Engineer: 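To start, I am sharing the structure in question, which I have written as structure tokens.
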Amino acid sequence: MAEVTAAMVKELREKTGAGMMDCKKALAESQGDFAKAEEYLRKKGIAGAERRQGRIAAEGLIGTYVHGGRLGALVEVNCETDFVARNEDFQRLVKDLAMQIVAANPLYVRREDIPAQVLEKEREIEREKLREQKKPEAIWEKIIAGKLEKYCETVCLMDQPWIQDDKKKIKDLVTEKAAKIGENISIRRFARFAVGEGIEKRKDDLASEVAKTLAGNGAPKT
């Protein structure tokens, strides 16, 4: 396998606008051949993605999905122009994202949105587990890092596996659509609803209800 140097990665990154790690992987996959590496990035929808991310995306759509009348989601997805907002591929993406939110129940759009105190609480939970398991402290940080990565993949929409193809993450799906459409695409926010969520449900005690009814009507005569 050809050696991939920092200079090669830098050159490919400047040429394609792809991220550093994506460029490194493309060069490794193509044995250091720049033309093949560019083709690899284009096929993956990565070329130009980083440059597009810096462009303002203030148009877009609010997508909805309701499942069985009991679960639903709203999601705002932004693009750069109203022309793209009317594009069939973009509208399909918005619908797919709303379905993902209903099915996978994310809590945040991306991992940067997770409050620091939430991550620290997760770290402490994992530390306590490791203490109870009497694991060597020297390996704690590596284990905790892996657990936090898994946590982010569970609660962050962009890091979740796509429900329609679990080999692909939502961030990969968005990147591919952005490359195909040629505009920056950004998930701004979402909300998920479930019927009765957050309401304390009444717990009926049938025996108690019967006793109250009998007491109110008077005891039956014998």
Side-chain angles (χ1 to χ4, degrees), residues 17-25 41 44-46 48-58 60-67 71-80 89-130 140-181 183-194 197-198:
M20 182 176 67
M21 296 308 296
D22 291 321
C23 289
K24 184 177 180 180
K25 184 176 180 180
L41 291 171
K44 293 290 183 181
I46 297 170
E50 198 166 272
R51 282 198 292 262
R52 284 192 295 272
Q53 286 174 3
R55 303 201 307 236
I56 295 173
L61 290 175
I62 294 175
T64 64
Y65 178 71
V66 177
H67 182 77
L71 289 171
L74 293 170
V75 59
E76 179 181 348
V77 186
N78 299 124
C79 56
E80 296 175 46
D89 282 331
F90 182 79
Q91 292 180 357
R92 179 72 252 178
L93 171 65
V94 175
K95 188 71 171 182
D96 286 342
L97 291 171
M99 291 175 66
Q100 175 80 22
I101 292 161
V102 168
N105 194 18
L107 302 178
Y108 310 96
V109 175
R110 52 190 64 82
R111 61 181 64 196
E112 293 83 3
D113 299 332
I114 305 177
Q117 61 268 29
V118 172
L119 288 175
E120 185 52 42
K121 183 179 178 181
E122 289 299 317
R123 286 191 186 95
E124 188 52 45
I125 289 170
E126 295 305 328
R127 287 191 195 103
E128 188 58 36
K129 288 179 182 176
L130 293 169
W140 281 18
E141 287 308 311
K142 185 176 181 180
I143 294 173
I144 290 170
K147 295 289 186 180
L148 287 179
E149 182 65 26
K150 186 66 179 175
Y151 174 75
C152 289
E153 290 176 357
T154 302
V155 302
C156 298
L157 176 61
M158 292 292 276
D159 288 306
Q160 287 183 336
W162 186 24
I163 58 172
Q164 297 182 39
D165 180 0
D166 60 10
K167 295 182 177 62
K168 185 182 296 183
K169 292 187 177 183
I170 292 299
K171 61 185 176 184
D172 300 323
L173 174 65
V174 173
T175 296
E176 288 177 8
K177 292 297 183 182
K180 182 178 181 181
I181 293 170
E183 284 196 7
N184 183 21
I185 294 175
S186 174
I187 303 170
R188 186 181 177 205
R189 53 188 170 175
F190 66 81
R192 184 180 184 274
F193 305 91
E197 188 175 45

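Keep in mind the model is a prediction, meaning the values are calculated, not measured.
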Engineer: Measuring only between side-chain heavy atoms, which start at C-beta, is Leu74 closer than 4.5 Å to Phe193?
Structural biologist: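 Yes - at least one pair of side-chain heavy atoms lies under 4.5 Å apart.
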
Engineer: With a 4.5 Å limit on heavy-atom distance, are the side chains of Arg192 and Leu71 in contact?
Structural biologist: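 When only atoms from C-beta onward are counted, Leu71 and Arg192 do touch, with a gap below 4.5 Å.
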
Engineer: Taking Glu80 for the side chain and Asn184 for the main chain, is one N or O donor matched with an acceptor at less than 3.5 Å?
Structural biologist: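 Pair found, side chain donor or acceptor close to backbone of Asn184.
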
Engineer: Let me see the working for Ile187 and Ile170 under side-chain contact (heavy atoms from CB on, under 4.5 Å), right down to the final yes or no.
Structural biologist: CA-CA 10 Å; Ile187 303 170; Ile170 292 299; 4.3 Å; yes

Engineer: Identify the heavy atoms of Pro106 and Cys156 that sit nearest to each other, and give their distance.
Structural biologist: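 Answer, listing the atom of Pro106 first, then Cys156: CB-C, 4.3 Å.
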
Engineer: Looking at Lys121 and Glu124, is there a salt bridge between them, counting it only when a charged N and a carboxylate O are closer than 4.0 Å?
Structural biologist: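 Salt bridge between Glu124 and Lys121, a charged N being under 4.0 Å from a carboxylate O: no.
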
Engineer: Show the numbers, then the answer: is there a side-chain contact (heavy atoms from CB on, under 4.5 Å) between Leu148 and Glu122?
Structural biologist: CA-CA 7 Å; Leu148 287 179; Glu122 289 299 317; 3.7 Å; yes

Engineer: Would you mind reporting whether Asp165 and Leu173 have side-chain heavy atoms less than 4.5 Å apart?
Structural biologist: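 Not touching, per the 4.5 Å side-chain cut-off.
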
Engineer: Measure from the side-chain N and O atoms of Gln91 to the backbone N and O of Gly63, and report whether any donor-acceptor pair falls under 3.5 Å.
Structural biologist: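 Side chain of Gln91 to backbone of Gly63, a donor-acceptor pair under 3.5 Å: no, none is there.
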
Engineer: What are the two closest non-hydrogen atoms of Tyr108 and Ile114, and how far apart are they?
Structural biologist: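 Closest approach of Tyr108 to Ile114, heavy atoms only: CD1-CG1, 3.7 Å.
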
Engineer: Which pair of heavy atoms, one from Val94 and one from Ile62, lies closest together, and at what distance?
Structural biologist: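 Scanning both residues, the minimum pair turns out to be CG1-C, 4.4 Å.
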
Engineer: Can you tell me how far the CG atom of Asp113 sits from the SG atom of Cys152, to the nearest 0.5 Å?
Structural biologist: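 These two atoms lie 10.5 Å from each other.
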
Engineer: Search all heavy atoms of Ser186 against all heavy atoms of Arg110 and return the closest pair with its distance.
Structural biologist: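 Heavy-atom minimum between the residues: OG-NH2, 4.2 Å.
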
Engineer: Write down the atom of Ala98, the atom of Ala73, and the distance for their closest heavy-atom approach.
Structural biologist: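 Closest approach of Ala98 to Ala73, heavy atoms only: O-CB, 3.7 Å.
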
Engineer: Donor-acceptor pair, Gln160 side chain versus Thr154 backbone, under 3.5 Å?
Structural biologist: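 The answer is yes, because a donor-acceptor pair under 3.5 Å joins these two groups.
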
Engineer: Strictly below 4.0 Å, N to O, side chains only: are Lys171 and Asp159 in salt-bridge contact?
Structural biologist: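 Looking at Asp159 together with Lys171, the answer is yes, because their closest N to O distance falls below 4.0 Å.
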
Engineer: Would you compute the distance between atom CZ of Arg111 and atom CD of Glu153 and round it to the nearest 0.5 angstrom?
Structural biologist: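 Going from CZ on Arg111 over to CD on Glu153, the span is 7.0 Å.
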
Engineer: So, do Lys177 and Phe90 sit near enough that their side-chain heavy atoms are less than 4.5 Å apart?
Structural biologist: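 The answer is no; the side chains never approach within 4.5 Å.
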
Engineer: How close do Phe190 and Leu157 get, counting heavy atoms only, and between which atoms?
Structural biologist: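 Nearest pair, atom of Phe190 first, then Leu157: CD2-CD2, 4.2 Å.
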
Engineer: Looking at Lys147, I want to see if its NZ is surrounded by more than 12 non-hydrogen atoms of other residues, nucleotides or ligands under 6.0 Å.
Structural biologist: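 Incorrect, the count does not exceed 12.
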
Engineer: When you compare the side chain of Arg127 with that of Ile144, does any pair of heavy atoms fall below 4.5 Å?
Structural biologist: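 Yes - at least one pair of side-chain heavy atoms lies under 4.5 Å apart.
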
Engineer: Within a strict 4.5 Å, meaning less than it, do heavy atoms of the Tyr151 and Ile125 side chains meet?
Structural biologist: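 A side-chain contact under 4.5 Å is absent here.
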
Engineer: Whether the side chain of Lys95 engages the backbone of Thr64 through a donor-acceptor N/O pair (distance < 3.5 Å, no angle test) should be reported.
Structural biologist: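 It does hold such a pair.
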
Engineer: Out of curiosity, Leu93 CG to Glu176 CD, how far, rounded to the nearest 0.5 Å?
Structural biologist: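 Nearest 0.5 Å value for the CG-CD distance: 10.5 Å.
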
Engineer: Could you tell me whether the side chain of Gln100 and the main chain of Ile163 form a donor-acceptor pair under 3.5 Å?
Structural biologist: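 Answer holds: yes.
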
Engineer: With a 4.5 Å heavy-atom cut-off, do Asp172 and Trp162 have their side chains touching?
Structural biologist: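 They are not in side-chain contact.
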
